[in-house]
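To start, the structure itself, in structure tokens.
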Amino acid sequence: MAAQRAERGPGVARRERAALVGLIAGRARRHEAERSLEELAGLADAAGAEVVLRVLQERPKPDPSTYLGAGKIETLAASAAETGVDVVIFDNELTPAQLRQIEEEVGRKIVDRTQLILDIFARRARTREGQLQVELAQLKYLLPRLVGAGAALSRLGGGIGTRGPGETKLETDRRRIRTRIHAISGDIDHVRKRRAQLRERRHKASVPTVALVGYTNAGKTTLFNRLTKAHAEASDALFVTLDPLVRRVRLPDSRELLMSDTVGFIDRLPHALVAAFRATLEETADADLVLHIIDAATPDRDRRIAAVRQVLDEVDAADVPLVEVYNKCDALTPDERRRLSDLDSSALCISALTGDGVDEIVETITSRLALDVRRVTLSFDPDDPADRERIARVYRHGRVVLHETRDGQVSIVADVPRRLVDRLSAAPRGRSARTRRDAAE
């Protein structure tokens, strides 16, 4: 220990020593529980803890009092004392009663999976919006877990002049938390309304949106940076991106789109977090196309794919057109890449880190956004400022096939997204546009 402190130096705080606890209950398999515990170790590392002990317990169902059972809790307490554990992290959400009982038996700080994820989110939130969303989730988690003497001590007497000290500290804390939850919820409602206005403005500007989603640490931000030429923080760690990023991308056919990078998903993502981040995740539900980024090299990718799909269902984004993109394919052998291709021939196999296959993503985005198009012929007056703006929008959002100027009029034949036909061909006020639409079904 002294050597470790010397390596860290006097200015570096000691990392908390953590014990991880998992349960193999019901029909769960040992290898699944071990993978889940390995993911919990990654979460603990992201929270700044050093894992020094791992415990897996098999039993038909969790013990309602101590989760593991009285005998295993005693063993855990002894092991934690022997290894100098500061915090014990459970790979499931514990009830308030379990938290209190386990903490009393083990004599160490007890944290469950939900509280650990909330702690990481609190560390990583940078913007005011992200901090509000995380605080709301934390308060909703904390409220039912407050413990104290309860209502029995809130009134010490009866009648006028004998009402006692009023509220206990517990009641005061609960009231303050409820008041704060109400205030934050109001602030987040304002965020949601502002985001809705921005989305409406983008719709009026006819700019399509592509959202990147995926399991945490799948490589979304690395791909986002490569596609948008941005410099967002990317790291081989969990939950690096919390605050949504939106950047403009120009396609090879000169059209423009907006690409958004969202918070990474995780198995058993706390419901309070999904609810708190709904204002952010609505960006995904409102997108024209979703790119689901999948870590191709992880052995449990099917479980991770299912976790992402579950969250997409929760935020009403399941019906948005989706393209599956297998990232980190540079870590696969040729045989593994071939099996992946046989499994899903429509999926893309790329490496955001090396750039391999990224051009194919751009081609796929271009073709998918252009699938539902109509060929239209539009006439414009080049001397009219409104018409000049419409010409620019046609070039920005459509593929121009022919551009002619004759008798003081501009005629353009273009393939434009069907949802934008009426908007692009709408005549300025007081004048009728001459438009012929030829379906390009």
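From a predicted model like this one, the values you see are computed outputs, not experimental measurements.
- In this structure the side chain of T228 never reaches within 4.5 angstrom of the side chain of R248, judged on heavy atoms.
- Atom OG of S65 is separated from atom CD of Q98 by 7.5 Å, given to the nearest 0.5 angstrom.
- Here the side chain of R54 pairs no donor or acceptor atom with the backbone of L20 at under 3.5 angstrom.
- Here L23 contributes atom CG and Y67 contributes atom OH; the two are 4.5 Å apart, rounded to the nearest 0.5 Å.
- For D335, the CG atom is densely surrounded, since the number of other residues' heavy atoms within 6.0 Å is greater than 12.
- Note: D330 CG to L332 CG = 8.0 Å, rounded to the nearest 0.5 Å.
- Here E324 pairs with R309 in a salt bridge; the nearest charged N to carboxylate O distance falls below 4.0 Å.
- Side chains of I73 and I102 form a contact here, defined as non-hydrogen atoms less than 4.5 Å apart.
- When side chains are defined from C-beta on, I361 counts as touching L223, because their heavy atoms get closer than 4.5 Å.
- With hydrogens and angles disregarded, a donor-acceptor distance shorter than 3.5 Å links the side chain of D86 to the backbone of R17.
- Here the closest non-hydrogen pair linking L56 and A33 is CD2-CB, 3.9 Å.
- Residues L68 and Q57 approach most closely at O-NE2, 3.5 Å, considering heavy atoms.
- No option in V210, T364, T209, L257 other than V210 meets the side chain to side chain contact (heavy atoms under 4.5 Å, CB included) test with L289.
- Within the 4.5 Å cutoff, no side-chain heavy atoms of L99 are placed close to those of T95.
- The only member of V323, L212, I305 that meets side chain to side chain contact (heavy atoms under 4.5 Å, CB included) when paired with H292 is I305.
- Counting only heavy atoms from C-beta outward, the side chains of N92 and P62 never approach each other to under 4.5 Å.
- A donor-acceptor pair shorter than 3.5 Å can be found between the side chains of T66 and D63.
- With contacts defined as side-chain heavy-atom distances shorter than 4.5 Å, the pair E82/L53 does not qualify.
- In this structure, NZ on K328 lies 12.5 Å from OG1 on T354, to the nearest 0.5 angstrom.
- No salt bridge links D189 with K193; every basic N to acidic carboxylate O contact stays at or beyond 4.0 Å.
- Ion pairing between a basic and an acidic side chain is recognised when a charged N comes within 4.0 Å of a carboxylate O; R113 and E39 show such pairing.
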Report task. Take E314 and Q310, measure what side-chain contact (heavy atoms from CB on, under 4.5 Å) needs, and give me the verdict at the end. Result -> CA-CA 6 Å; E314 287 191 52; Q310 180 180 346; 3.9 Å; yes

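- Taking NE2 from H190 and CD1 from I188, the interatomic distance works out to 11.5 Å, rounded to the nearest 0.5 Å.
- For R226 and D356, the salt-bridge test fails: no basic side-chain N is under 4.0 Å from an acidic carboxylate O.
- Here the side chain of D112 pairs a donor or acceptor atom with the backbone of L94 at under 3.5 angstrom.
- D91 is not listed as a side-chain neighbour of V21, based on a closest heavy-atom distance of 4.5 Å or more.
- The distance from atom NZ of K109 to atom CD of E103, rounded to the nearest 0.5 Å, is 9.5 Å.
- Taking a cutoff of 4.0 Å between a charged side-chain nitrogen and a carboxylate oxygen, D295 and K220 do not qualify as a salt bridge.
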Requested in this report: Given side chain to side chain donor-acceptor pair (under 3.5 Å), test D300 with T298 step by step and report yes or no.
Outcome: CA-CA 6 Å; D300 61 340; T298 187; 2.8 Å; yes

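- Contact detail for A218 and N327: the closest heavy-atom pair is O-ND2, 3.0 Å.
- The side-chain heavy atoms of E135 and R180, taken from C-beta on, include a pair separated by under 4.5 Å.
- More than 12 heavy atoms of other residues, nucleotides or ligands sit less than 6.0 Å from atom CZ of R59.
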